[in-house]
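Quick notes on the structure that follows.
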Amino acid sequence: MPKLPPEHKFWDLSDYARPGAIWLVKRLLPTSIGAITLTWLFTAVGLVSVLLIFNRYALTLAGSLLILKSLLDAADGEMARARNRPSHTGRYLDSINDLILNGLVLFAIGIPLMIPVWKIALTWISFQLQGTIFNYFYVIKRHQASGDKTSRISEVTSPVPYPQENPKVLFMLHKLYLIFYGWQDWIIDTMFKGNQITNSRSRPIPNWIMSLISIFGLGFQLLIIAILLCTNTLELTFPIFLIVYNIIAALVVFSVLILGSKKLQKRAARL
């Protein structure tokens with residue numbers, strides 16, 4: 001099953017690596033390489049990029065590896081769908097590894113620049129929350145449009161394992177996910193609770209909104225860092241994600257809340 005039915009697909013600025021991921025998966029399908037292997041592979045590629053960034057060596061290569069990491073990150077989900085083997089284990093492992101790599105990348109950029117640790121950590125939190133906004137909307141859109149439902153809107157309770165999953169491993173990864181992402185999901189869910197756009201059961205989130213907030217997707221965030229690496233302008237990383245991106249995120253969130261509230265008022269007026 002694709003992430004979204006064709007009629008609900010939108011222009012996802014963070015998903016530029018998807019064509020490459022599909023191409024790779026088609027060539028790997030006859031092999032024994034699975035989705036989890038691809039998850040660990042993108043983790044290894046990300047770690048190599050982190051080492052290059054921290055040592056300020058071959059920065060163009062480091063940026064290219066971040067793009068490759070995005071491709072492999074897309075490929076693990078494509079592989080699971082191509083083989084019809086959905087996996088909560090892979091979903092949690094993917095998210096946990098992403099969060100760790102994001103932090104390592106930001107610290108690898110900031111420490112040689114003598115950026116205070118608190119500022120790097122605050123940027124990391126912002127970076128994660130920005131990505132969670134997009135993921136929150138994307139998961140809701142998939143559920144509204146009858147797309148891939150491996151990712152659940154609420155991950156508070158432990159999911160029922162698929163036959164191919166190890167229940168003990170899944171249980172452990174679910175608890176780690178809640179530690180790393182539970183507070184993020186709670187913040188975003190609290191902001192949009194009752195909003196007509198995210199809570200509508202009959203009308204999926206409009207494609208134009210999804211395209212707009214796709215700039216908060218991890219792929220687009222890493223693309224910006226890759227560009228900064230290739231242009232040797234890493235000092236712009238923290239102003240971009242701590243100031244510019246947070247201003248944009250605040251404007252987008254405020255606009256969606258207002259738009260959703262107006263729709264709710266119109267609906268109430270018709271009753």
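Note that these values count all heavy atoms, side chains included, but never hydrogens, waters or copies made by symmetry.
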Arg91 side chain to Ser95 side chain, donor-acceptor N/O pair below 3.5 angstrom: yes
Parallel, tilted or perpendicular: rings of Tyr138 and Phe134 (30°, 60°): tilted
Euclidean distance, Ile140 CD1 relative to Arg152 CZ, rounded to 0.5 Å: 14.5 Å
Qualifying salt bridge (Lys or Arg N to Asp or Glu O under 4.0 Å) pairs with a residue from residues 178-199, counting only residues at least two apart or across chains: Asp189-Lys193
Mutual orientation of the aromatic rings belonging to Tyr162 and His88 [parallel < 30°, tilted 30-60°, perpendicular > 60°]: parallel
Side-chain (His143) to main-chain (Ser151) donor-acceptor, under 3.5 angstrom: yes
Ala21 to Leu71 - nearest heavy-atom pair and separation: CB-O, 3.6 Å
Close side-chain approach of Asp12 to Ser211, heavy-atom, < 4.5 Å: no
Under 3.5 Å side-chain donor-acceptor pair for Ser126 and Asn246: yes
Side chain to side chain contact (heavy atoms under 4.5 Å, CB included) evaluation trace for Thr190 with Trp186: CA-CA 6 Å; Thr190 300; Trp186 179 84; 3.4 Å; yes
Residue pair Asn102 / Gln221, side-chain donor-acceptor N/O under 3.5 Å: no
Heavy-atom donor-acceptor pair, Glu78 side chain to Asp73 backbone, under 3.5 Å: no
Which atom of Ser14 lies closest to which atom of Ser214, heavy atoms considered: CB-O, 3.3 Å
Leu41 reachable from Ile22 in the ILVMFWY side-chain graph, under 4.5 Å edges: no
Donor-acceptor side-chain pairing of Tyr92 and Glu155 below 3.5 angstrom: yes
pair Trp124-Phe107: side-chain heavy atoms closer than 4.5 Å: yes
Connected via hydrophobic side-chain network under 4.5 Å: Ile153 and Val160: no
Minimum heavy-atom distance Glu165-Ser87, with the two atoms named: OE2-OG, 3.3 Å
Where His174 and Pro159 come nearest, the two heavy atoms and their spacing: CD2-CD, 3.8 Å
Row check, Phe54 ring normal vs Arg56 NZ/CZ: under 6.0 Å, within 45°: no
Verdict with reasoning, Val256 to Phe137, per side chain to side chain contact (heavy atoms under 4.5 Å, CB included): CA-CA 11 Å; Val256 171; Phe137 274 71; 3.9 Å; yes
Ignoring hydrogens and angles, write down the donor-acceptor pairs under 3.5 Å from the side chains of residues 57-68, residues two or more places apart or on other chains.
residue, atom, partner, partner atom, Å
Ser64, OG, Thr60, O, 2.9

Donor on one side chain, acceptor on other, Lys9 and Asn207, under 3.5 Å: no
